[in-house]
Amino acid sequence: MHYGIRKVFIFYLTLAFSLPFIAFADDSYTLQKIIVTPRQDIFDSFFFAPQKTTIDTSVAPFLHGGHFTSLLNGVQGLDVRSRGSYGIQSDVSLRGSTYEQVGILIDGLRVIDPQTGHHNLNIPLTAFDVEKVEVCKEASSSLYGTGALAGSINFVTKKPVKKESHLVLTFGEHALFGQAFSLSYPGEDLSGRFSFDHSISSGARPNTDFENSIASLYAVKEWNGFNQDLLFGYQKKDFGADSFYSNLFPEEEEHTETLFLRSSVDNQLSSGQLHNSGFFRKHRDKFILRRNSPTSVNYHTTYVYGLNSRYAVAAPFGDLLFGADIGRDEIYSTNLGKHARLFNAGLLGIHSDINDSLYMDATARLDHYQQWPEQESYNLGLGYLTMERRLRMKGGVSRGFRVPTFTELYYSDAANKGNADLKAEKSDNFSLGIGWYDMPLEVELDGFVRNGRNLIDWTRATSSQVWQATNLGKAQFKGAELGFKLKPSLQYMGTRLEEITVSFAFQEARHEAVDFQSKYALDIAKQQWLLGMRQHICGLDLRWQLSYVERKFGETYFVGDAYVSKKIARNGFTVEPFLAVENFSNTDYSEIAGVLQPKRWIKWGLRCDW
């Protein structure tokens, strides 16, 4: 039955993309041309006040064979905790949250994995496909639903705007070899892009070898009054998982496959803008406990698919947003069994420019999931600009929620036991911030408090007991962030200092009970310092970043990364050799207890653009 539902859904998703081609095969109708506003404009006016950071993906280290975790590592208040190197597997935390409490999105569509958040960053896109990454440091369940309890990370895809080709070759220690290319072709009516990325390595330590392949296809069709696009992405990872989930089993092995399909239609109506999307995500996970003796193997396959509709309209008092979502989560697992759940939601939002200096946005949403009662979420934000918009003040209150994953509900082995009676977890969030934005100096100071209820964690009273999925009760997280960005453009003797960034984040967690061991929820980064610099020296582009992290239950460590490149352009053809040194400080450290990170790793390569 479930397979039949998926087939029908994929059929309609494909048919929806085909409609413009079918409808306009016959030219017997002539319609007045309407200029269509780009898709993201629906959401741009919302969430002005909450904490939001936009990451530019045009930075050289990312474009030269980089991975998404390398981009996220430079955001204050965001804690990327890697198991595998080179983006093979990472968990992400926002302001002390767990990895399950951060919503992961592609073009505003939620792509979190219902099996476990360990797979949330399996993004089937290449560096050529993403225009920017938006990090919202505020509960954003009122827009995106479950999982965005502490915030969200949105990968916004790039539109083909010019005919271009890219090729990147990467080499490095530990038998690293990578190849990536992308072809873009914008047409008058139909535009498209195809991208491919492949990397392989023997690993920096025993049983950390990996192979990662990504292929994506994007096509967009513009026709009278409509803008319709299709995005397809596929990713396959094979890797040694040394102590990823337990230090008792250092020979773990894992294989994952991720398929993502989205079709969207934008319609500019006389009254407003209508945006409809259909999406389908399949994820397959094969886990081997002992790769040299594969007698214990688990298979997990999840499906997430649904429809998403947004309607934005301008009103005398501001912009209104109406939305509706419907979808289904499914899992077929040799350990967890077979389960499925339907979900639906409705939302209402408003953004108002009260005057030239004062802004307000508010959203409210109601979600219904099978097995749990209705979940309400909301955001209310205010922003105030003064001194010719150079001084900005902002504040917000919000509520987020998350329903349990299938692993938290049904998983069972000798060391871990799920709990089918888990409640949905919730958070009430408060934030204040002030910033000065006047080039060449930008300064930001933010504070936050998050009060969690029914937080889900794996706990136990003593080390001799199994980890049990539990609702913890109440916990409070609070902290502050301070960031500086200076663009002095100082130049001396062929050396130019382009940019300096300094940021500091502090946070703490408090729980009403202390007589238990927490596996995830209270294991936060207490302090995080980031120092970055970009320079031009004798025609070379030099970038480096230093980071210092102090963890509540783990290590204190200092790590430095450096990157240098040289761009050579001739007659529309650009060649750029590059050299990267990750962890040039050669630090021994673990971001997740028991999982050692690679020491110094030198990589080099060549990028060509034409």
Side-chain angles (χ1 to χ4, degrees), residues 10-44 56-58 63 106-109 124-132 155-168 180-197 214-234 260-280 308-312 314 569 571-574 608-610:
I10 295 175
F11 169 76
Y12 279 109
L13 200 61
T14 306
L15 180 62
F17 181 72
S18 305
L19 285 177
F21 300 96
I22 298 173
F24 285 86
D26 186 346
D27 294 331
S28 59
Y29 297 94
T30 302
L31 300 177
Q32 182 179 1
K33 185 173 182 180
I34 301 175
I35 299 176
V36 179
T37 306
R39 178 174 66 248
Q40 289 299 318
D41 282 1
I42 293 180
F43 307 102
D44 281 350
D56 180 10
T57 61
S58 64
L63 292 178
I106 296 178
D107 291 329
L109 296 175
L125 300 174
T126 73
F128 308 110
D129 302 319
V130 178
E131 178 181 1
K132 60 183 178 179
F155 295 87
V156 180
T157 54
K158 188 183 301 183
K159 313 303 177 289
V161 294
K162 62 180 180 178
K163 187 177 181 181
E164 57 186 356
S165 303
H166 310 280
L167 173 67
V168 178
F181 68 86
S182 180
L183 306 173
S184 295
Y185 183 83
E188 292 185 3
D189 297 318
L190 180 64
S191 302
R193 178 183 60 251
F194 175 74
S195 304
F196 177 79
D197 192 318
I214 303 173
S216 68
L217 175 66
Y218 176 80
V220 57
K221 170 74 175 178
E222 296 183 7
W223 46 298
N224 295 67
F226 293 89
N227 185 327
Q228 188 162 12
D229 65 358
L230 175 72
L231 174 65
F232 170 83
Y234 174 79
F260 179 72
L261 176 65
R262 171 186 62 74
S263 181
S264 301
V265 179
D266 281 311
N267 187 1
Q268 186 68 48
L269 306 174
S270 58
S271 57
Q273 185 178 357
L274 179 65
H275 172 70
N276 293 310
S277 293
F279 65 94
F280 175 85
N308 173 288
S309 182
R310 298 290 184 268
Y311 178 61
N571 299 322
F573 187 87
T574 302
C608 301
D609 303 290
W610 66 97

Checklist entry - So do L230 and L261 actually touch side chain to side chain, heavy atoms under 4.5 Å? => result yes
Next on the checklist: Could you measure the distance from the CG atom of L217 to the CZ atom of R193? Nearest 0.5 Å is fine.
Outcome noted: 9.0 Å
Checklist outcome for this item: Correct closest heavy-atom pair for V156 and D107 would be CA-OD1, 3.5 Å
Checklist outcome for this item: Here the gap from N276 atom CG to R310 atom CZ, rounded to the nearest 0.5 Å, amounts to 10.0 Å
Next on the checklist: Could you tell me if the side chain of K159 sits less than 4.5 Å from the side chain of Y218, heavy atoms only?
Outcome noted: yes
Item to check | Partners meeting side-chain hydrogen bond (donor to acceptor under 3.5 Å, both in side chains) with S165 (sequence neighbours left out) | outcome: none
Checklist entry - Are any non-hydrogen side-chain atoms of K163 and P186 less than 4.5 angstrom apart? => result yes
Checklist outcome for this item: Residues at least two apart in sequence or cross-chain that pass side-chain hydrogen bond (donor to acceptor under 3.5 Å, both in side chains) with S195, listed by chain then number, are D129, S182
Item to check | Qualifying residues under ring pair (Phe, Tyr, Trp, His ring centres under 6.0 Å), relative to Y185, sequence neighbours excluded | outcome: none
Checklist entry - Hey, what do you get for CG (L109) to CZ (R262), rounding to the nearest 0.5 Å? => result 6.5 Å
Next on the checklist: I need the L231 CG to T157 OG1 distance, nearest 0.5 Å.
Outcome noted: 6.0 Å
Checklist entry - Going from OG on S216 to CG on D197, what distance comes out if it is rounded to the nearest 0.5 angstrom? => result 9.5 Å
Checklist entry - With sequence neighbours left out, what residues match F155 under ring pair (Phe, Tyr, Trp, His ring centres under 6.0 Å)? => result F68
Checklist entry - Atom CH2 in W610, atom OG1 in T574: separation rounded to 0.5 Å? => result 11.0 Å
Checklist entry - Are D229 and S191 close enough, and set up right, to give a side chain to side chain contact (heavy atoms under 4.5 Å, CB included), and what steps lead you there? => result CA-CA 9 Å; D229 65 358; S191 302; over 6 Å; no
Checklist entry - Is any side-chain heavy atom of Q268 closer than 4.5 Å to a side-chain heavy atom of N227? => result no
Checklist entry - With sequence neighbours excluded, what pairs up with S271 under the side-chain hydrogen bond (donor to acceptor under 3.5 Å, both in side chains) test? => result Y311
Next on the checklist: For a side chain to side chain contact (heavy atoms under 4.5 Å, CB included) check, start with the C-alpha distance between V168 and F128, then their side-chain angles and the critical distance, and finish with the verdict.
Outcome noted: CA-CA 11 Å; V168 178; F128 308 110; 4.0 Å; yes
Checklist entry - Among all residues two or more places apart in sequence or in another chain, which pass the side-chain hydrogen bond (donor to acceptor under 3.5 Å, both in side chains) test with D609? => result H166, R607
